[in-house]
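Computed from a prediction, not measured in an experiment: that's the story for all the values here. Read the numbers this way: they start at 1 and go in the same order the structure lists the ligands and their atoms.
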Amino acid sequence: MNKLKYKRVLLKLSGEVFAGERKYGIDPKILGFFAKEVKKAHSIGSQIAMVIGGGNIFRGTSASANGMDRVAADYSGMLATVMNALAFQAALESIGVPCRVQTAIEMKAIAEPYIKLKAIRHLEKGRVVIFAAGTGNPYFTTDTAAALRAAEIDADVLFKCTKVDGVYNCDPVHNKDAQKYTEIRYINVLKKQLKVMDSTAISLCMDNHIPLVVFNVYKPGNIEKAVLGQKVGTTIKE
Ligand code: UDP
């Protein structure tokens, strides 16, 4: 068996990726693709915890910009992440990957409440664990929830899965001269205000020495490669 570089990983998928070409909601085909990608990394022995966003269904900041109370909007956003988590759990279970969902806001009828030690036990038993409902608090993002949970469960790394191949000095979609970093320090991501994750999430990783790997999740095999420590995307570290 290949040697894993990272045994326990926290994988952050934004909700947007679940929408596929529909731009809204959940595309079952895309869900199936990501489930298989996670299965590949899981089957070589890595312990996989996940945080999934909710942007494909509801984003608190956009709703509050349109006049909705910010706190109510953020709670709605957190509920959207639970829908995505349940959908992804079903997709994983359907291909034989055991999975548990834990929520930061209690909703016992559908998922376990977040309990750190229980999450670690699931991971040790080979179950994927999805942390849903963000941090449970308004004014945060699921990127921050991912950094927080990564620190709590003592993850070896945080994978930020995106649509692009890594971190660039400017937006590669709009600028053909954009340059990709292979490695960059946390402090430079913050100073240059590079659009990787929000500053709270980057700071949490920096303060807790959790390396971040940013890569394109649409490329088949990338999650597995990242777990093995093969070159994918950009690594952010000290
Ligand atoms: N959210 C929140 N607290 C959290 C995490 C998320 O209030 O700890 C809300 C926030 O409104 C956010 C929405 O949930 O807009 C969906 O999360 P996010 O935008 O991070 O999802 P993504 O962009 O990753 O799909």
Student: Atom 1 (N) of ligand 1: which protein heavy atom is closest, and how many Å away?
Tutor: F140 O, 3.3 Å

Student: Which is closest to atom 12 (C) of ligand 1 by heavy-atom distance: G136, A133, A104, G60?
Tutor: G60

Student: Which residue from R59, R70, K160, M78 reaches closest to atom 23 (O) of ligand 1 through any of its heavy atoms?
Tutor: R59

Student: Can you tell me the protein heavy atom closest to atom 5 (C) of ligand 1 and the distance?
Tutor: T141 C, 3.4 Å

Student: Of T234, L212, V196, which meets side-chain contact (heavy atoms from CB on, under 4.5 Å) against V189?
Tutor: V196

Student: Give me the nearest non-hydrogen protein atom to atom 11 (O) of ligand 1 as residue plus atom name, then the distance to 0.1 Å.
Tutor: D74 OD1, 2.5 Å

Student: Indicate, with yes or no, if Y6 and L10 share a hydrophobic cluster defined by side-chain heavy-atom contacts under 4.5 Å among Ile, Leu, Val, Met, Phe, Trp and Tyr.
Tutor: no

Student: Under 4.0 Å from any heavy atom of G53, which atoms of ligand 1 are there?
Tutor: 21 (O), 22 (P), 24 (O), 25 (O)

Student: For residues D156 and K7, determine if any side-chain heavy atom of one lies less than 4.5 Å from a side-chain heavy atom of the other.
Tutor: yes

Student: Any idea which atoms of ligand 1 are less than 4.0 Å away from a heavy-atom of G55?
Tutor: 21 (O), 22 (P), 25 (O)

Student: Tell me which protein heavy atom sits closest to atom 21 (O) of ligand 1, plus the residue, atom name and distance to 0.1 Å.
Tutor: G54 N, 3.1 Å

Student: Check ligand 1 against T135 and write out every atom of the ligand that is under 4.0 Å from a heavy-atom position of the residue.
Tutor: 4 (C), 8 (O)

Student: Search all heavy atoms of A104 against all heavy atoms of G136 and return the closest pair with its distance.
Tutor: CB-N, 3.6 Å

Student: Test your reading of the structure: does K12 have an N or O sitting under 3.5 Å from an N or O of ligand 1?
Tutor: yes

Student: Would G15 count as a polar contact of ligand 1, with the cut-off being nitrogen or oxygen pairs under 3.5 Å?
Tutor: yes

Student: Side chain, backbone, both or neither: which applies to N137 and ligand 1 if a contact is any heavy-atom pair less than 4.0 Å apart?
Tutor: backbone

Student: At less than 4.0 angstrom from any non-hydrogen atom of G134, what atoms of ligand 1 do you find?
Tutor: 4 (C), 5 (C), 8 (O)

Student: Would you be so kind as to tabulate the donor-acceptor pairs closer than 3.5 Å made by side chains of residues 24-36, with sequence neighbours excluded?
Tutor:
residue: D27; atom: OD1; partner: K29; partner atom: N; Å: 2.9

Student: Can you confirm whether L158 sits close enough to C205 that some side-chain heavy atom of one is under 4.5 Å from a side-chain heavy atom of the other?
Tutor: yes

Student: Show the numbers, then the answer: is there a side chain to side chain donor-acceptor pair (under 3.5 Å) between H122 and E112?
Tutor: CA-CA 12 Å; H122 286 318; E112 292 175 6; 3.0 Å; yes

Student: Side chain or backbone, does T81 bring an N or O within less than 3.5 Å of an N or O on ligand 1?
Tutor: no

Student: N/O to N/O below 3.5 Å, does that happen between L13 and ligand 1?
Tutor: no

Student: Tell me: protein heavy atom nearest atom 18 (P) of ligand 1, and distance?
Tutor: T142 OG1, 3.4 Å

Student: In terms of side-chain geometry, is the basic nitrogen of R59 or E16 positioned less than 4.0 Å from the acidic oxygen of its partner?
Tutor: yes

Student: In the protein, what heavy atom is nearest to atom 14 (O) of ligand 1, and what distance, to one decimal place, separates them?
Tutor: G77 C, 3.2 Å

Student: Report the C-alpha separation of Y168 and Y181 in whole Å, then their side-chain angles, then the decisive distance to 0.1 Å, and conclude whether the ring pair (Phe, Tyr, Trp, His ring centres under 6.0 Å) test is met.
Tutor: CA-CA 6 Å; Y168 287 77; Y181 299 99; 8.4 Å; no

Student: Could you check whether any heavy atom of P138 sits closer than 4.0 Å to an atom of ligand 1, since that is the contact criterion I want to use?
Tutor: yes

Student: Can you check side chain to side chain donor-acceptor pair (under 3.5 Å) on N56 and N84, steps first, answer last?
Tutor: CA-CA 9 Å; N56 55 323; N84 283 335; 2.7 Å; yes

Student: Side chain to side chain donor-acceptor pair (under 3.5 Å): which pairs involve residues 139-152, sequence neighbours left out?
Tutor: K12-T142, K12-D143, Y114-E152, T141-T144, T141-D198, D143-K160, T144-D198, R149-E152

